[in-house]
Amino acid sequence: MCRGLDSLPVTCLERAKELKALLNVDEPLRWEESFDKLLSSQNGLCLFRAFLVSEFSEENIAFYLACQDYQATKPSKQATKAKKIYDEFIGCDAPREVNLDHVTKAITKENMEHPRQSCFDLAQAKIYTLMEKDCYPRFLKSSMYLEVSRKAKRG
């Protein structure tokens, strides 16, 4: 569904509109409980991603999900996949550069010399924290989320 969308914004935004009609009554209310509950819900993730597209910060969730996918990658394919993630999100002139401090970038670049399953852990944790502390609270106040949660409360 929205997890691997490279065709954003159209597909996910359309899916977000469909969600307003299809959601389980209690599901949107659980998303308020924690950022992890939002991310663990396929529908919540899709709506959050659509919100980030509207905020021009979709690269954060895209990077986070790419790191999740990378952690499940076979060791024989890690070097290729790590380079792709690094070039897309972290490297100089990355087309979807995420906001990381210099130290985190340097550590991640060093990790790229011998990519292992954990080479993006620090960068992923920083982006997770950024989304949890900044994007998630704004999402919960957004008209997109408020409309869905109102419908859930009404049943």
Side-chain angles (χ1 to χ4, degrees), residues 1-16 19 27-149:
M1 221 177 286
C2 283
R3 207 167 255 279
L5 289 178
D6 289 325
S7 57
L8 281 169
V10 176
T11 307
C12 202
L13 290 175
E14 287 175 1
R15 178 73 181 124
L19 288 177
E27 189 175 5
L29 303 179
R30 285 193 294 267
W31 303 340
E32 289 179 20
E33 294 172 14
S34 74
F35 187 51
D36 282 331
K37 288 192 180 187
L38 174 68
L39 294 183
S40 67
S41 161
Q42 192 171 20
N43 291 329
L45 178 60
C46 187
L47 198 63
F48 182 63
R49 193 166 193 173
F51 168 75
L52 291 177
V53 167
S54 74
E55 297 261 308
F56 303 101
S57 60
E58 187 267 340
E59 70 279 356
N60 293 321
I61 194 68
F63 173 71
Y64 176 83
L65 294 173
C67 291
Q68 291 292 97
D69 181 60
Y70 176 79
Q71 290 169 356
T73 300
K74 295 177 184 174
S76 62
K77 297 184 179 192
Q78 283 180 341
T80 304
K81 196 174 254 188
K83 181 176 178 1
K84 183 181 179 209
I85 292 169
Y86 184 86
D87 290 347
E88 185 174 354
F89 297 104
I90 299 173
C92 293
D93 300 320
R96 298 168 79 188
E97 187 175 3
V98 291
N99 188 9
L100 294 170
D101 60 89
H102 178 71
V103 172
T104 302
K105 281 187 175 191
I107 290 169
T108 305
K109 185 175 184 176
E110 192 175 299
N111 290 344
M112 293 300 295
E113 292 175 19
H114 302 286
R116 292 186 308 234
Q117 189 177 17
S118 62
C119 71
F120 293 108
D121 285 359
L122 178 61
Q124 184 185 21
K126 297 273 184 170
I127 294 302
Y128 178 92
T129 300
L130 174 72
M131 290 190 298
E132 183 180 38
K133 302 285 185 224
D134 181 49
C135 304
Y136 175 60
R138 285 186 291 127
F139 169 73
L140 293 177
K141 294 175 186 169
S142 72
S143 60
M144 189 180 289
Y145 173 72
L146 291 174
E147 183 180 339
V148 169
S149 66

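If you're wondering where the values come from, they're calculated on a predicted model, not measured in any experiment.
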- request: Locate the shortest heavy-atom distance separating Leu29 from Ser149; write the atom from each residue and the value.
  value: CD2-O, 4.1 Å
task: Might you point out which heavy atoms bring Pro95 and Asp87 nearest each other, and give the distance in Å?
output: CD-O, 3.5 Å
statement: The reported gap from SG in Cys92 to CD in Glu97 (rounded to nearest 0.5 angstrom) is 7.5 Å
task: Compute the centroid of each ring, for Phe48 and then for Phe35, and state whether the two points are separated by less than 6.0 Å.
output: yes
- request: Decide whether Tyr86 and Asn111 meet the rule of one side-chain donor and one side-chain acceptor closer than 3.5 Å.
  value: no
message: Counting C-beta onward and ignoring hydrogens, is there a side-chain heavy-atom pair between Cys119 and Thr108 closer than 4.5 Å?
response: no
Side-chain heavy atoms of Ile61 within contact of Leu39, under 4.5 Å: yes
task: Considering non-hydrogen atoms only, spot the tightest contact between Ile127 and Asn99 and give its length.
output: CD1-O, 3.8 Å
- prompt: Is the shortest heavy-atom distance from the side chain of Gln68 to the side chain of Gln124 under 4.5 Å?
  reply: yes
Distance-only side-chain donor-acceptor flag, Thr104 / Asp101, under 3.5 Å: yes
query: Does a side-chain heavy-atom distance below 4.5 Å link Phe63 with Arg96?
result: no
Side chain to side chain, Asn43 and Trp31, heavy atoms closer than 4.5 Å: yes
task: Taking the six-membered ring for Trp and the single ring otherwise, decide whether the centroids of Tyr145 and Phe51 are under 6.0 Å apart.
output: no
- request: Kindly compute the distance separating CD (Glu59) from CG (Leu52), expressed to the nearest 0.5 Å.
  value: 8.5 Å
message: If only side-chain N and O atoms count, and only distance matters, is there a donor-acceptor pair under 3.5 Å linking Gln71 with Asp121?
response: yes
- prompt: Is a side-chain donor-acceptor pair under 3.5 Å present for Ser41 with Glu27?
  reply: yes
message: If you apply the rule side-chain hydrogen bond (donor to acceptor under 3.5 Å, both in side chains), what do you find for Tyr64 with Asp69, and how did you get there?
response: CA-CA 9 Å; Tyr64 176 83; Asp69 181 60; over 6 Å; no
- prompt: To the nearest 0.5 Å, how far apart are CG in Leu140 and CG in Leu38?
  reply: 7.5 Å
message: Could you check whether any side-chain heavy atom of Val148 comes within less than 4.5 Å of a side-chain heavy atom of Leu47, counting everything from C-beta outward?
response: yes
- prompt: Would you say Thr80's side chain and Lys77's backbone share a donor-acceptor pair under 3.5 angstrom?
  reply: no
task: Kindly compute the distance separating CD1 (Ile107) from CE (Met112), expressed to the nearest 0.5 Å.
output: 14.5 Å
message: If you compare all heavy atoms of Asn60 against all heavy atoms of Cys135, which two are closest, and at what distance to 0.1 Å?
response: ND2-SG, 4.4 Å
task: With rounding to the nearest 0.5 Å, note down the distance linking CG in Asp134 to OG in Ser57.
output: 8.0 Å
query: What distance separates Phe139 CZ from Glu132 CD, expressed to the nearest 0.5 Å?
result: 14.0 Å
task: Could you please spell out the steps behind the salt bridge (charged side-chain N to carboxylate O under 4.0 Å, His left out) verdict for Glu110 and Lys105?
output: CA-CA 9 Å; Glu110 192 175 299; Lys105 281 187 175 191; over 6 Å; no
query: With distance as the sole test, does Tyr136 use its side chain to make a donor-acceptor pair with the main-chain N or O of Leu130 at under 3.5 Å?
result: no
- request: Please check if any side-chain donor atom of Tyr70 sits under 3.5 Å from a side-chain acceptor atom of Gln117, or the reverse.
  value: no
statement: For Ala79 and Pro115, the nearest pair of non-hydrogen atoms, with its separation, is CA-CG, 4.0 Å
message: Counting C-beta onward and ignoring hydrogens, is there a side-chain heavy-atom pair between Arg49 and Leu65 closer than 4.5 Å?
response: yes
